[in-house]
Amino acid sequence: MNTYLYSGSGYTGRRNVGGPVLSIAFFPAAILYHELLLRAFDRDSTFFDLALLPTLLFSVAAGLLLGLILDLLPWSTPSRITGGVLLGLGTVLLCVERGCRSTFGVYYGVTFMGGMAGDVAGGFGSTVLSVALGLIPFILLALVPMAAFILLRHRIIQEEAHDMPVRIILATVLVACQLTAYLISTLGPSKTYYTYEFTANSSIPHFGLLTSVRLELEYAVVGTPVPSAEDFIDEPVVVSSPDPDETPDPSVTPSKRPAATGPNTLDIDFAALAEAETNETIQGMHKYFDNVIPSEKNEYTGMFKGKNLILLTAEGFATPAIDKELTPTLYKLTHEGFVFNNFYQPDWTQSTCGGEFAVTTGIIPNWVSSSYGNLAAQASIDRSMPITLAHLFAPEGYNVPAWHNGIYTYYKRDQYLTNFGYDYQGCEGGGLELPNNAWPRSDLEMIEATADSYIQDYVDNGTPFHAYYMTISAHGYYTWAGNAMARKHQAEVQAKYPDLSEPCQAYLACNMELDLALECLVDKLEAAGIADDTLIVMTGDHYPYMLVDEKSGADYYNELRGFADSENDTSRYRNTLLMWSGAIKEPIEVDTPCSSIDIVPTMCNLFGLDYDSRLYSGRDIFATNYKPDQYSNAIPVVVFANKGQGNAWITPAGTYECSTKTFTPNEGIKLEDQEDYVKRVHRLVAAKVNYSKLTIQEDYFKYIFPDTE
């Protein structure tokens, strides 16, 4: 049958005469196939669970909508081209997300991937090719709908358009599927992931890739929903400081220093600010922070006042890198200063950038709606950030240099570290020139090239310093061929650990370069006679997740540690916080559960800086105004990233594992009402996560520190 109306100038359009089942079913089936394929390849996702239903319904609705739009186009050829292009773009996005998940263990939003595409292509082109080669089976399967569309395009989008009754039926089914999925998503157990706790990483396993993209674009335009502050405000709780003759928590060995007293706060009247504020979100934030119990000054307050601080975020650093023979300086510095027995570096789902943000700001690195992309660090570029260490030290007359021996602009680090107050330099155009350009570059060479400048200024002129480093020597991939620092120390590691796999050997080997960098740093401090005047602090940006081969299922990190767990377990993120000074003559044991967001407020206390402890997600590790067996919002709490199962956490009372939904009390802890305690800590964790996000997203600090804009 001729399907075009003919005029003297040729065919004018499609006739509305109906179409077969294939043209109705293809796009819903293709989208659902892609969603199920992504789900099937995700080892951390349960294929058959409640999330399958909204994913199915959203997929059918999206496919019907696409089919109707193409059916409404008056010409079949443009309709086929449009359908093919959209299907092709969807296939590319699907494969990219699979690559992110298999390499980094995370699903990323489209705005983030778009913003990082240039950096990744320029800095890690060979890595991208390697990832793509490993995805060949997935890519071939992902191309099945595209191949089917090309072969069957004339049957899928026929010359005959659907008649009006068919269109009405399809539209009705579309609305029914979309509405049902929406109600399940917004009223069910995953409702927070659909609204104010939305991230691509948490949304995709629950609602599917296409819905996640839709929500991301929607929230970029209208803003992410904001929770009510009233949901997170505690009833009045007062936890007094411990009596002098009582030791409620033997977590810190006494330093024999007189304890300072009083809260670590600034003169901020949150109640008055809330009263005067018309913006409901900011008003709610004022009320929330007014309700936070500040940490108290303690025996470690001002211990290093006026002295020097060197802070390092070490790429891929984790406890297995500490070896008495291979990395003797790491061993010395982690055993002779403060010794933290319960330190964790959570996976913030933002790779190095998130870990660095946590270490340098004391704020949970959340995914933030922003014109810069979603990373908290990048979103903070044009925000007021007066709570960072550089901004607090600089007014005290400190030099505040920062260095990174990687690409100067990667992650927009040149912009956010500058906004944090640092005088930042990096490689490849950023002012830091090193002798070798190997991948990855040498941490030792970075220390050799930079440390003398601030050390000599202190020796000659008495100018104190807070120096910051982001290292790179221990960056994956962990192979002899792919890591120059690993090759440099290959012989030593293979001699000591001949039976370890190559990835484990290479990981230990490249950390030997970090050890040499620390040895050089300590030697320079001791040679200048200022080791007692300087505190070195270091932890990792994340555990070395590139030791996990998601494609094959091999977990070399378990091999390295000698026991098995998974990325869903809190034990995976147990790490080491290095805090050493020549002034510490005996090791100081610390058992308080703590994490990377606690570093900045702890430094503020140790150096006697004026700061407000209520504004940080973390807390001073040495503060003792809490009781281990009682809830208050002043308790130490380690918050783990939400990967779609909820937030795991650890407090002095015990550990909550989100993967099993179980709480295990610590030995010797008896809670009066365990169910109530767990419920309240859940709310505390949700508050910390949400208000860390809003702090950056809403540029909150400008409202309480207007002079710093």
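Keep in mind that this is a model prediction, so the values were computed, not measured.
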Check whether the side chains of T624 and N298 place a donor and an acceptor atom closer than 3.5 Å, and report yes or no. no
Does a donor on one side chain and an acceptor on the other come within less than 3.5 Å for D541 and T352? yes
Keeping the roles fixed (side chain from T327, backbone from A321), state whether a donor-acceptor pair exists under 3.5 Å. yes
Contact between N342 and I650 at the side-chain level, heavy atoms closer than 4.5 Å - yes or no? no
Looking at Y656 versus H682, is the centre-to-centre ring distance below 6.0 Å? yes
May I ask you to check whether F338 and Y300 place their ring centres under 6.0 Å from each other? yes
Heavy-atom closest contact (L330 atom, T334 atom, distance): O-OG1, 2.7 Å
Do E356 and Y468 have a side chain donor and acceptor closer than 3.5 Å? yes
Side-chain touch Y556/P544, heavy atoms, less than 4.5 angstrom: no
SB check R214 E218 (cutoff 4.0 Å): yes
Donor on one side chain, acceptor on other, T471 and E315, under 3.5 Å: no
Given side chains that start at C-beta, do those of C658 and F640 come closer than 4.5 Å, heavy atoms only? no
Given Y631, Y626, Y677, the one that forms side-chain hydrogen bond (donor to acceptor under 3.5 Å, both in side chains) with T651: Y677
Just checking, any donor-acceptor pair under 3.5 angstrom between side chains of S692 and T695? no
Inspect the contact between K679 and D673 and indicate whether a charged nitrogen and a carboxylate oxygen are less than 4.0 angstrom apart. no
Taking every non-hydrogen atom, the tightest pair across A653 and P628: CB-O, 3.4 Å
Side-chain donor-acceptor pair under 3.5 Å between N605 and Y611, yes or no? no
Can you see whether R619 engages N264 through a side-chain donor-acceptor pair at a distance of less than 3.5 angstrom? no
Quiz item: cation-pi between R561 and F563, 6.0 Å / 45°: yes
With a 4.0 Å cut-off on N to O distance, would you call D347 and K643 a salt bridge? yes
Quick one: do the E216 and T111 side chains pair a donor with an acceptor below 3.5 Å? yes
Is there side-chain contact between K688 and N366, with heavy atoms separated by less than 4.5 Å? no
Taking side chain as C-beta onward, heavy atoms only, is V590 less than 4.5 Å from N341? no
Out of curiosity, C594 SG to I621 CD1, how far, rounded to the nearest 0.5 Å? 4.0 Å
Side-chain heavy-atom pair Y344, Y543 within 4.5 angstrom cut-off: no
So for atom OH, which belongs to Y182, do other residues, nucleotides or ligands contribute more than 12 heavy atoms lying within a distance under 6.0 Å? no
Within a reach of under 6.0 Å around NZ of K661, are more than 12 heavy atoms found that belong to other residues, nucleotides or ligands? yes
Taking R39 first and then D49, would you say they form a salt bridge - that is, a charged N and a carboxylate O separated by under 4.0 Å? yes
Please determine, by modelled atom types, if E657 and T570 share a side-chain donor-acceptor pair under 3.5 angstrom. yes
Between the side chains of R614 and D612, is the shortest nitrogen-to-carboxylate-oxygen separation below 4.0 Å, so that they form an ion pair? yes
Tested for ring pair (Phe, Tyr, Trp, His ring centres under 6.0 Å) against F289, the lone hit among F232, Y616, Y700 is Y700
Does the side chain of W367 pick up a donor-acceptor pair with the side chain of T349 at under 3.5 Å? yes
With a 4.5 Å limit on heavy-atom distance, are the side chains of Y545 and Y557 in contact? no
Minimum heavy-atom distance F317-N575, with the two atoms named: O-ND2, 3.1 Å
For L577 against I599, the heavy-atom pair lying closest together: CD1-CD1, 3.8 Å
Check ion pair R101-D42 (N to O, under 4.0 angstrom): yes
Is there a side-chain contact between L93 and L209, using heavy atoms and a 4.5 Å cut-off? yes
Using 4.0 Å as the upper bound for N to carboxylate O, is an ion pair formed by R383 and E698? no
Do you know the tightest heavy-atom contact between F207 and T55? C-OG1, 3.5 Å
So with a 6.0 Å cut-off around CG of L50, is the heavy-atom count from everything else above 12? no
